[in-house]
Participant: 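Before we start, here is the structure in question, set down as C-alpha cells.
Owing to the predicted nature of the structure, the values given are computational and were not obtained by experimental measurement. Keep in mind that the numbers below use all heavy atoms, side chains included, and drop hydrogens, waters and symmetry copies. Sequential numbering from 1 along the given sequence is applied to the chain's residues.
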Amino acid sequence: MTSPQLPPNAYTDAPQQHPNLILGSLQLLFWLVFRPSAWRNHLKHIDPILDTDSSLIILLRQGRWRNLALWRFFIQGYFILPILANLLLGLILWALGEPITTILICVTYGVAFGVAFGVAFGVAFGVAVGVAVGVAVGVAFGVAVGVGITINSWRPVLSFPFLILWNYLLYRLDKGRNARSSCLLRFHSAFWDEWQRLYLPSLDKHLLFVIENNPVEGKAALEYLSTSPQRWAAQAVQIELDARSLQRCADVEAIREAHRSLVIGELENEVSPLLRIFSRISEDVDAALNQASAYNQRLPLRDVADKLNLHLQNFARSSDKYTVRFYPIIKSWREIVTNYIKELAKITELRQEIDSPYIIGVPLTLEQEIFTGRNDIGLRMIEQLLLDYRRPPLLLYGQRRMGKTSLLNNIGKLLPNSIIPMFIDLQGAPSSASDHAGFVYNLAREMEKSAKKQGVTLPSLAREVLKSDPFTYFYEWLDKVEQALEENTVLLALDEFEVLDNAIAKGRFDEQDVLGMLRHLIQHRPRFKILLAGSHTIEEYQRWASYLINVQVVHISYLKEAEARQLIERPVKDFTLRYEPNAVERVLQLTRCHPFLVQLLCAEIIVLKNEQDPSIRRLATLADVEAAIPEALQSGGFFFADIQNNQVNATGQAILRFIAAQGEGAIVSRQRLLQEFADADITFSLLLQRELIEEVADGYGFQVELIRRWFV
C-alpha cells in the first residue's frame with residue numbers, strides 16, 4: 001500500500017493510468033517504449049490473463065466482453081494509440097520533407113494494419129506493425145524493421161548526454177528546495193527509463209540527499225532502485241547509511257543493537273566483509289552484556305577489545321575507499337568498549353560486589369581463567385595417543401556438562417607446541433550442510449579458523465571446486481595443509497560426533513564417504529590424529545565402530561576433590577569470597593565434584609551473598625549453601641530436564657523418582673526395586689552408564705545429591 005506522504009504513482013512499477021482517454025493513451029505509448037514493467041503490470045491490472053501478446057478476439061471468446069476496463073483498453077490500445085503513433089510518424093515524415101500524399105498513405109496504412117494486427121495478435125505487436133508499415137510505405141520496410149529491432153540498444157546511448165543534463169537539473173532544484181515533498185527525484189530517468197543501463201552519475205548523491213531530508217520518499221526510492229538497472233546507486237547509499245548508523249553508536253548499548261539493522265544479506269560486494277566484521281562485534285558485545293555478572297561481562301568484552309585492536313591495525317594498512325570510510329568507526333567502537341570495561345571495574349569496586357567468575361551453560365574458552373583440572377586426562381591419555389605408532393583414534397567420553405568441550409577448548413595449554421589442536425564443533429556448520437561439498441568445505445573452514453588461533457595459517461579451500469568431486473579435492477587440500485604444517489602434528493578434535501551420525505542417519509550424508517574419509521585420515525596421514533568427543537560410547541553407534549577400529553576411550557567424569565575445592569574457593573585470582581570449612585564440604589557433598597553443578601551452585605551462592613549486607617557479604621556459611629539450593633535447581637533446570645527427558649526412558653524416570661523419594665543418601669536394595677519395577681535390569685544398566693545411580697552393596701543410590709533433589 002502506497003504511503004499517503006508519497007506522490008501518487010511515484011517509485012512504483014505499477015502506476016495508475018491517467019483517466020483522460022488521450023493522455024492515458026499517450027501514457028500507454030510511453031510505458032510501451034520506456035517502462036515495459038509498468039506496461040505489463042497495467043495489463044495484469046485490467047485482467048489477470050492479459051499480457052502483451054493477448055489478442056482481443058481470444059479474450060472476447062472467453063466471455064470477458066463485460067469488462068469495461070478491457071473495452072477502455074481496447075479503444076485506447078487498438079484505435080487511439082495506433083492513430084497517435086502514426087500521426088506522430090506523419091509529423092516526422094512532414095518534417096523530413098515527404099509529400100502530403102505519401103504521409104496520408106503511410107498514416108492510413110499504419111493505422112489500418114495496427115488495428116488489424118492488434119485485434120488478431122496483441123496490442124504491442126499491433127502498434128509495432130502499424131508504425132513499421134507506415135514507415136515502410138513512406139521510406140523502406142527494411143529500415144523500419146531494423147530501427148524497431150535495435151532501438152533499445154542505440155536509443156539509451158544517444159539520449160545519455162541529455163539525461164545527464166536533465167538529472168543534474170533535478171538534483172540542483174531539489175537541493176534548492178531542500179527536498180521538500182514532493183521531491184523531484186521521482187522524475188529522474190532512473191525511475192522511468194528501464195532500458196538505460198549506463199551508469200547515471202550522481203544518482204547516489206541525489207538519493208542520499210533525499211533520504212536525509214525526506215526519509216519517507218527517500219526510502220521508497222531506495223527500495224525501487226534496489227531491483228532496477230541502477231541498483232548500484234541503492235547499494236552505495238545503503239553502504240553509506242550503514243556506515244552512518246554504525247557511526248552513531250555512542251555507547252555499548254547502541255553497539256549491541258547494531259547487528260539487527262545492518263543490511264548484509266542483500267549486499268554481496270567489496271563492503272560485505274567489513275559489515276560482517278561490525279555485525280560479529282555487535283553480536284559479541286550483545287552476548288557479553290547478557291552475562292549476569294560484571295566479571296563475566298568483562299571477560300568477553302576484553303576479547304572484543306582485542307579483536308577491535310586487530311581490525312584497527314588491518315584497517316590502517318588498507319587504502320581501500322570503504323576501509324578508509326569505516327576506519328574511524330571501528331576506532332570509536334574500540335574506545336567505547338575499552339572505556340566500558342574500565343567502568344565495569346569501577347562500579348563493581350564501589351558496590352563491593354563479589355564478581356562471579358562462573359560460566360553456566362557454555363564451554364570455557366582459552367580466555368576464561370576459571371578452567372581448572374583435567375591435566376591428567378589431557379596430558380597422559382592424549383599424549384599417549386600421539387606417541388602410539390598405530391595412531392588409534394581417541395574418544396573423549398562423558399555425560400553432558402562434564403567439561404568435554406571446555407577441555408577441548410583449552411587443550412592447547414596442555415600439549416607441546418608441536419601439536420596443533422584444531423577444534424571442530426559438529427553441532428555447527430559441518431553437520432548442518434546440505435551435501436558433501438558443504439560438509440568438507442565447512443570442515444576445512446573450521447580447521448582454518450582453529451589453526452589461525454594457534455598462529456598457523458592454512459591454505460584456503462574454495463567452495464566452487466568441491467562441487468564436482470568434494471572428497472578428492474579435500475584430500476588434495478590436506479596435502480597442502482601438511483606442507484604448511486612442516487614438522488607439526490594436527491590433533492583434529494571433533495566435538496559432538498553424535499550430531500554427524502544423526503545427519504548420516506537422515507540420509508543427508510553417505511556413511512561410507514564421510515566415515516571412510518575419517519578412516520582414511522587415520523590410516524594414511526600420520527600427521528593427523530583424530531579425537532572424537534561425545535556423551536555416547538562407540539558401541540552405541542555401530543556404524544562408527546566398523547570404521548574407527550581400536551578406538552581408545554578416555555572417560556571424563558567428576559573433578560578430583562582438590563580440583564573441585566579450587567573451583568569453589570579459588571576459581572580465579574583475587575577471588576573475594578571466602579567459605580567456612582563446613583560450607584565447602586557441603587558443596588562437595590551436594591555436587592560430588594560435578595564441574596557444572598559446582599559452578600551452578602557456587603554462582604547462586606554469590607547471587608545470594610550480593611543481596612546481603614556488605615558486613616557479612618564476603619563469607620559463605622553452611623546456611624548460605626542450603627539457601628542457594630532451590631535457586632540452583634531452578635536456574636539449572638535445562639540441565640536436569642535434559643537428564644529426565646533425553647537420557648532415560650519412562651521406566652528409568654520412575655526408578656529415579658522412587659529412589660529419590662527415600663531421602664538423601666538412601667540406598668534401595670535391588671530386590672525391592674525389582675519388586676516395584678519388573679524386568680528393569682536393562683534400565684539399571686542404562687542408569688549406571690549415564691552415571692545417575694551407583695551400585696552400593698546389593699542396592700542402588702543416587703550419585704549426585706542435587707540430581708536426586710530434582711527428581712524429588
Side-chain angles (χ1 to χ4, degrees), residues 243-262 274 276-317 326-372 409-410 413 453 567 570-578 599 602-603 605-615 617-618:
R244 294 183 182 186
S245 174
L246 297 174
Q247 201 162 21
R248 285 194 295 268
C249 292
D251 52 37
V252 290
E253 289 296 331
I255 291 176
R256 79 184 299 184
E257 296 295 327
H259 69 277
R260 307 184 197 282
S261 59
L262 284 178
L274 298 176
R276 289 192 181 95
I277 288 174
F278 285 95
S279 181
R280 285 193 292 266
I281 292 294
S282 172
E283 291 171 356
D284 290 345
V285 171
D286 187 28
L289 296 182
N290 285 332
Q291 296 292 325
S293 71
Y295 183 90
N296 284 343
Q297 286 186 7
R298 291 206 306 270
L299 278 176
L301 283 177
R302 286 173 188 159
D303 184 48
V304 171
D306 290 340
K307 291 179 181 177
L308 285 168
N309 274 324
L310 181 61
H311 290 313
L312 194 61
Q313 294 171 11
N314 293 334
F315 279 32
R317 289 192 291 265
F326 283 91
Y327 175 83
I329 302 173
I330 204 161
K331 184 178 181 180
S332 172
W333 279 31
R334 184 196 61 172
E335 294 174 357
I336 291 170
V337 171
T338 302
N339 291 336
Y340 186 73
I341 293 172
K342 295 177 182 177
E343 290 176 14
L344 284 177
K346 292 178 182 178
I347 291 171
T348 302
E349 185 64 28
L350 287 173
R351 293 177 179 174
Q352 296 184 1
E353 291 182 349
I354 303 169
D355 276 340
S356 176
Y358 299 107
I359 311 297
I360 308 300
V362 295
L364 302 176
T365 65
L366 284 169
E367 292 78 17
Q368 292 165 324
E369 186 183 350
I370 194 175
F371 178 77
T372 184
N409 280 335
N410 288 270
K413 296 190 293 188
K453 293 179 181 178
L567 189 56
R570 298 181 304 281
V572 292
K573 295 177 182 178
D574 303 322
F575 187 52
T576 57
L577 180 63
R578 297 290 177 264
Q599 293 199 71
C602 289
I605 291 171
I606 290 176
V607 171
L608 176 68
K609 296 304 293 183
N610 279 332
E611 294 174 353
Q612 297 176 357
D613 188 89
S615 62
R617 181 175 294 170
R618 299 298 173 91

Participant: What distance separates Arg317 CZ from Leu312 CG, expressed to the nearest 0.5 Å?
Facilitator: 10.0 Å
Participant: Should Thr338 and Leu308 count as side-chain neighbours, where that means a heavy-atom distance under 4.5 Å?
Facilitator: no
Participant: So which heavy atom on Val252 is nearest to which on Val337, and how close?
Facilitator: CG1-CA, 4.4 Å
Participant: Salt-bridge test for Glu283 and Arg280: reply yes if a basic N is under 4.0 Å from a carboxylate O, no otherwise.
Facilitator: no
Participant: Verify, without hydrogens or angle tests, whether Asp286 (side chain) and Ser282 (backbone) share a donor-acceptor contact under 3.5 angstrom.
Facilitator: no
Participant: Look at the side chain of Asn610 and the backbone N and O of Ile354, then say whether any donor-acceptor pair between them is shorter than 3.5 Å.
Facilitator: yes
Participant: Ile336 and Cys249: which non-hydrogen atoms are nearest, and at how many Å?
Facilitator: CD1-O, 3.2 Å
Participant: Could you pull out the closest heavy-atom pair between Pro571 and Pro357, with the gap in Å?
Facilitator: CG-CG, 3.6 Å
Participant: Sub-3.5 Å donor-acceptor pair from the side chain of Arg578 to the main-chain atoms of Phe575, do we have one?
Facilitator: yes
Participant: Are Ile277 and Ile330 side-chain neighbours, meaning at least one heavy-atom pair lies under 4.5 Å?
Facilitator: yes
Participant: Do Tyr340 and Asp251 have side chains that approach each other closer than 4.5 Å (heavy atoms only, starting at C-beta)?
Facilitator: no
Participant: Just wondering, are more than 12 heavy atoms of other shown residues or ligands nearer than 6.0 Å to CG in Asp613?
Facilitator: yes
Participant: Less than 3.5 Å apart, any donor N or O on the side chain of His259 or Ser279 sitting next to an acceptor on the other?
Facilitator: no
Participant: Using a 4.5 Å cut-off on heavy atoms from C-beta on, say whether the side chain of Val607 contacts that of Glu611.
Facilitator: yes
Participant: I'd like to check Pro300 versus Val285 (side-chain heavy atoms, cut-off strictly below 4.5 Å). Are they in contact?
Facilitator: no
Participant: Using the side-chain contact (heavy atoms from CB on, under 4.5 Å) rule, take Glu253 and Leu289 through it: C-alpha gap first, then chi angles, then the decisive distance, then the call.
Facilitator: CA-CA 9 Å; Glu253 289 296 331; Leu289 296 182; 4.0 Å; yes
Participant: Taking the side chain as every heavy atom from C-beta outward, state whether Leu567 and Tyr358 have any pair of such atoms under 4.5 Å apart.
Facilitator: yes
Participant: Look at Glu343 together with Lys346 and state whether they make a salt bridge at an N to O cut-off of under 4.0 Å.
Facilitator: no
Participant: Would a 4.5 Å heavy-atom cut-off, applied to side chains only, mark Arg617 and Leu577 as touching?
Facilitator: no
Participant: Could you grab the distance from atom CG of Leu274 to atom OH of Tyr327, nearest 0.5 Å is fine?
Facilitator: 14.0 Å
Participant: Mind checking the CG-CG spacing from Asp303 to Asp284? Nearest 0.5 Å is all I need.
Facilitator: 7.0 Å
Participant: For the atom pair CG (Asn339) and NZ (Lys342), what is the distance rounded to the nearest 0.5 Å?
Facilitator: 5.5 Å
Participant: Could you give the distance from CG (Leu344) to CZ (Arg302), rounded to the nearest 0.5 Å?
Facilitator: 9.5 Å
Participant: Look at the rings of Phe326 and Phe278 and say which category their plane angle falls in: under 30° parallel, 30 to 60° tilted, over 60° perpendicular.
Facilitator: tilted
Participant: Is the shortest heavy-atom distance from the side chain of Val304 to the side chain of Ile281 under 4.5 Å?
Facilitator: yes
Participant: Just verifying a value: how many Å separate Asp306 CG and His311 NE2, rounded to the nearest 0.5 Å?
Facilitator: 11.0 Å
Participant: Tell me the closest heavy-atom pair linking Ala243 and Ile329, and the distance in Å.
Facilitator: O-CD1, 3.3 Å
